[in-house]
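Note: hydrogens, waters and symmetry copies are ignored here, and every other heavy atom, side chains too, is used. It should be emphasised that the depicted structure is a prediction, and the values quoted were computed from it without experimental measurement. Throughout, numbering of the chain's residues begins at 1 and tracks the sequence.
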Amino acid sequence: METKIEKIDKNKIDEQVIEAAGKILQNGGLVAFPTETVYGLGADALKEEAAMKTYAAKGRPSDNPLIVHIAEYEDLRKIAINIPPETDALAAHFWPGPLTMIFQKSEIVPYGTTGGLDTVAVRMPIDEVARALIRAAGGFVSAPSANTSGRPSPTLAEHVAEDLNGKIDMILDGGPVEIGLESTILDMTVSPPMILRPGAITGEMFEEVIGKVDVDETLLRAESKKAPKAPGMKYRHYAPKAKLMIVEGDLREEIFAIRQLAYQAYKEGRKVGVIATTETLPFYKYGVVKNIGTRENEKTIARNLYRVLREFDEEEVEAIYSESFAAQGMGKAIMNRLEKAAGHEFLSASEIARRQKYRRITFVSGTDSARAPMAAELLRQEDLAQEYVIDSRGLVVLFPEPANQKAEAIMKSAQMTLENHVSKQFDPEDLGDDTLVLTIEENEKYKILSEYGHKGNVYTLNEFVGRGGEIPNPYGKPLTAYGECYEMLSSLIKELAEKLNYIAEEEK
C-alpha cells in the first residue's frame, strides 16, 4: 500500500484534501490526522471491519478500546445511552478539547470499536483539521494514536510515517501538535465519575465544574492490586526502544544519581540517554542529554516528551535515565506516561547517590591563581572511576582574576590550559558533606577548620594521599619554580586519582 501524505493548514483548510480523506474513511480506509493532543489514526467508527484494520495497522490488541471522535455535541446521543446529567456541564467547559468521556454504548457502535465492551469512549477534538475530517467522514471517527502499538505517540506527521508508512492510506500533515499528551479519560458510567487516564484536564478542573471525581487506583502506582477499568490500560505504552528508567528522589539526589549512572556508562563505552529540563541541563556532561522543557511550565515538558523519546531511538541509545516530576496538575499526566514507558521501573536516587562518598573535589590555596587551579586541571585529566565536580577556591580573593601567567605557561607546555579560570573566594557553602576539600598548605587547612569548624572532609593534598611535606609556593619566582611546582602537583594528583579510584571500588 502506498501512503499518501498531504500537507494541510488548520488556518486555511484545503477542502479538496479533506473531502478525499473523508471518502477514504467512508470506504473503510485509514487516515492519520492531527489533533491538539497527538496524531490520531482515523477509521469509520461504525464499521467493524474498519476497527479490525486499525488494530492490524497498529499491531494493537483487539481488546483495547478505540476512542470515537465527534464534531457535534448532539451526535453524542446517537452513539451513547444513559448519559448522566453532569455531561452537559463537562461538555460546556471542556468540549471541544482534550477530554474523553466513557458512556454506555448504543447499538450502532460495533464491539470491534469498543474492544468488546458495552461502553464507548467519546471525544470532541478542538483541532479544526480533525473536526473537518470527522464531518467529511460522516460524523464518527475512531482514532487511537497513529503509531505502532507500544511506541511513543506521534506529535509530528513524520512520527506517523516512521511507524505506519505503507500500512495506511493517507497522512494529513498539520505540523506539530499543541499539547503532546493524550486526552484525559473520565468514566461517566460510575458515580462519582472516575479518571482512568490523566491529561491536560485535571481532577481539580473537573471538581470546579461537577464536584468530586475519583481516580483509578491503578494510576497511582503499578503495585495496585486492582484490575484496570479499561483493558487498554494493562498494556505497556509510549515506550522507546531503549530501556527507560525513572530516577526518583529529591531533585538534587536525582541529578547526582543520573550523573553517576551516565558517567559509569561512559566509562564502560555504553551510549545512554538522559532526560533533563532547562533547569538541570547544565549539570549533565555525559550521555546523550535531551532538554524536555522547563519545570516552570510543565506544558512544555508534555509537548516534548514523545518527541524526545523518539529522538533517543534515532540516537540508538542503550538505556535512558529520566528525572521524575511532581505528580500534580499536568505533572500527573507526564508521570503517568513516563511510568508506562518505563514499565513502572524506578531507581532510587538516594540509594545510587549513597554509592559515591565524594561528589565534589575543591582545591584551596591562598589566592586561587596558581597551585589550586593547576591541581584541579590536572585531576580533570585523570582517568577517574567516578564523576566529580572539580574546582578550586582561594581564601583571600579580593576580586576575580585570571590564572597566574607563569602557571598558565607551564600548563600550556603540558598541553593543558587555565585560560578560562577565574579566581573565586572560598565560601562556607563549599563545605558540603559530599565535598572533599584539599588545601595546598597546612595553614589553609587550619584556617578553614578554625573559622568554619567543619572537620569531616578537609585535608591538605599531601595528607590525603599519605605523603609528607608541603607544595612549594612559586609566586614571585622564575618560571622554573612553576615547573618544579607542576611536577610535584602532577605526582600528587596521580596518587590522588589512584586513591579516589580505590575508594570508588570499595563503595561498589
Show me the donor-acceptor pairs, under 3.5 Å and distance only, between side chains in residues 165-174 and residues at least two apart or in other chains.
residue : atom : partner : partner atom : Å
Asp169  : OD2  : Leu30   : N            : 2.8
Asp173  : OD1  : Gly175  : N            : 3.0
Asp173  : OD2  : Lys7    : NZ           : 3.0

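By the salt bridge (Lys or Arg N to Asp or Glu O under 4.0 Å) test, Glu36 is found to be paired with Arg123, residues two or more places apart in sequence or in another chain being considered. Looking at residues two or more places apart in sequence or on another chain, you find a ring-ring contact (aromatic ring centres under 6.0 Å, His included) between Phe464 and Tyr459. With sequence neighbours excluded, the residues forming a salt bridge (Lys or Arg N to Asp or Glu O under 4.0 Å) with Lys494 are Glu382, listed by chain and number. For Lys357, the salt bridge (Lys or Arg N to Asp or Glu O under 4.0 Å) criterion is met by no residue, not counting sequence neighbours. With sequence neighbours left out, the ring-ring contact (aromatic ring centres under 6.0 Å, His included) criterion links Phe206 to Phe94. Taking Glu128 as the reference, nothing meets the salt bridge (Lys or Arg N to Asp or Glu O under 4.0 Å) condition, with sequence neighbours excluded. In this view, Asp434 and Arg252 satisfy the side-chain hydrogen bond (donor to acceptor under 3.5 Å, both in side chains) rule, not counting sequence neighbours.
Annotation: ring-ring contact (aromatic ring centres under 6.0 Å, His included) contacts involving residues 143-187, sequence neighbours excluded, are absent. The salt bridge (charged side-chain N to carboxylate O under 4.0 Å, His left out) analysis of residues 420-431, with sequence neighbours excluded, yields the pairs Arg360-Asp430, Arg393-Asp430. Residues in residues 299-321 take part in these ring-ring contact (aromatic ring centres under 6.0 Å, His included) pairs, two or more places apart or across chains: Tyr238-Tyr306. Residue pairs that meet the ring-ring contact (aromatic ring centres under 6.0 Å, His included) test with at least one member in residues 165-204, sequence neighbours left out, do not exist here.
Judged purely by atom type and a 3.5 angstrom limit, Thr184 uses its side chain to pair as donor or acceptor with the backbone of Gly199. Looking at Arg307, its side chain never comes within 3.5 Å of a backbone N or O of Ile292 through a donor-acceptor pair.
In summary, of the residues considered (Tyr286, Phe256, Tyr284), a ring pair (Phe, Tyr, Trp, His ring centres under 6.0 Å) with Tyr263 occurs for Tyr286 alone.
Ion pairing between Glu162 and Arg310 holds under the 4.0 Å rule for side-chain N and carboxylate O. No salt bridge links Glu387 with Lys285; every basic N to acidic carboxylate O contact stays at or beyond 4.0 Å. Ion pair Glu323/Arg295 flagged as a salt bridge, since at least one NZ, NE, NH1 or NH2 atom sits closer than 4.0 Å to an Asp/Glu carboxylate oxygen.
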